[in-house]
Amino acid sequence: MPAANKNTRILTLSGVLLALSMALLFLKTVIPILDFSIYILISFFTGIILQESNDKRAWLFFTSIVVLSLILPVDKLAFFLLYTFFGYYGILKYYIEKIDKRWLGFLLKILLINAAVLLNY
């Protein structure tokens with residue numbers, strides 16, 4: 001596939017997933033029970049971008065989610081869990097799994113989760 005077609009495909013996929021993420025975040029404000037399921041789904045979207053392109057575009061996708069969610073006219077503290085853990089966890093997991101020592105990767109994942117829980121507490 002030519003590079004221009006691949007870039008267009010990835011850009012289109014990113015735009016659609018970003019729009020879907022914003023729709024889900026807005027739905028979360030209407031139905032507050034859906035907290036974790038929406039955050040996990042948005043984390044999957046970041047993982048899809050990471051698998052289809054590279055880690056730089058995945059970071060750009062996460063940054064876009066954060067910036068656009070700050071523009072939404074809703075309670076910003078409701079999205080704090082997304083900002084502090086779920087949004088970037090897939091990208092950091094990608095980096096952690098590149099480490100050869102499994103025990104070190106496991107330790108880093110545990111530390112990351114504990115830091116996020118402590119920060120959200």
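Below, each value reflects all heavy atoms present in this structure, side chains not excepted, and no hydrogens, waters or symmetry copies. All values derive from a computational prediction rather than experimental measurement.
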Checklist entry - How would you list, by chain and number, every residue that makes a side-chain contact (heavy atoms from CB on, under 4.5 Å) with Ile110, sequence neighbours excluded? => result Phe106, Asn114
Checklist entry - How would you list all residue pairs meeting salt bridge (Lys or Arg N to Asp or Glu O under 4.0 Å) that involve residues 112-121, not counting sequence neighbours? => result none
Enumerate, atom names and distances included, each donor-acceptor pair closer than 3.5 Å involving a side-chain atom of residues 59-68, sequence neighbours excluded.
{"unit_1": "Trp59", "atom_1": "NE1", "unit_2": "Tyr95", "atom_2": "OH", "d": "3.3"}
{"unit_1": "Thr63", "atom_1": "OG1", "unit_2": "Trp59", "atom_2": "O", "d": "2.8"}
{"unit_1": "Ser64", "atom_1": "OG", "unit_2": "Leu60", "atom_2": "O", "d": "2.8"}

Checklist entry - Mind checking whether Leu92 and Leu50 sit in one hydrophobic cluster, side chains of I, L, V, M, F, W, Y counted as touching below 4.5 Å? => result yes
Item to check | Cluster link Ile38 to Phe36, ILVMFWY, side chain under 4.5 Å | outcome: yes
Next on the checklist: Quick check: is Tyr39 connected to Ile113 through a chain of hydrophobic side chains (ILVMFWY, heavy atoms under 4.5 Å apart)?
Outcome noted: yes
Next on the checklist: Using 0.5 Å steps for rounding, measure from the CD1 atom of Ile31 to the CZ atom of Phe26.
Outcome noted: 11.0 Å
Checklist entry - Which salt bridge (Lys or Arg N to Asp or Glu O under 4.0 Å) pairs, counting each pair once, include a residue from residues 111-121, with sequence neighbours left out? => result none
Item to check | Glu97 and Arg102: CA distance, side-chain angles, deciding distance, salt bridge (Lys or Arg N to Asp or Glu O under 4.0 Å) verdict | outcome: CA-CA 8 Å; Glu97 287 180 351; Arg102 293 185 75 183; over 6 Å; no
Item to check | Nearest-0.5 Å distance, CG of residue Leu41 to CG of residue Leu24 | outcome: 5.5 Å
Checklist entry - Can you name the nearest heavy-atom pair linking Phe80 to Leu119, along with the distance? => result CE2-O, 3.9 Å
Next on the checklist: By the salt bridge (Lys or Arg N to Asp or Glu O under 4.0 Å) test, which pairs, at least two apart or in different chains, include something from residues 17-34?
Outcome noted: Lys28-Asp35
Next on the checklist: Under 4.5 Å side-chain heavy-atom separation, chaining through any Ile, Leu, Val, Met, Phe, Trp or Tyr, what else clusters with Ile10? Say none if it is isolated.
Outcome noted: none
Item to check | Separation between OH of Tyr94 and CD1 of Ile91, rounded to the nearest 0.5 Å | outcome: 11.0 Å
Item to check | Qualifying residues under ring pair (Phe, Tyr, Trp, His ring centres under 6.0 Å), relative to Phe85, sequence neighbours excluded | outcome: Tyr89
Checklist entry - Tell me, do Leu18 and Phe45 make a side-chain contact under 4.5 Å, heavy atoms counted? => result no
Item to check | Flag if over 12 foreign heavy atoms under 6.0 Å of NZ, Lys93 | outcome: no
Checklist outcome for this item: Residue pairs passing the side chain to side chain donor-acceptor pair (under 3.5 Å) test with at least one member in residues 40-51, sequence neighbours excluded, are none
Item to check | Residues that Ser69 engages under side-chain hydrogen bond (donor to acceptor under 3.5 Å, both in side chains), provided they are two or more places apart | outcome: Tyr83
Next on the checklist: If hydrophobic residues (ILVMFWY) are linked whenever their side-chain heavy atoms come closer than 4.5 Å, directly or via other members, who joins Val16 in its cluster?
Outcome noted: none
Checklist entry - Any side-chain heavy-atom pair from Ile42 and Leu25 closer than 4.5 angstrom? => result yes
Checklist entry - Do any pairs count as a salt bridge (Lys or Arg N to Asp or Glu O under 4.0 Å) and have a residue in residues 49-72, sequence neighbours left out, and if so which ones? => result Arg9-Glu52
Item to check | Fellow cluster residues of Ile96, listed by chain then number, with links counted only when side-chain atoms sit under 4.5 Å apart | outcome: Ile99, Trp103, Leu104, Leu108
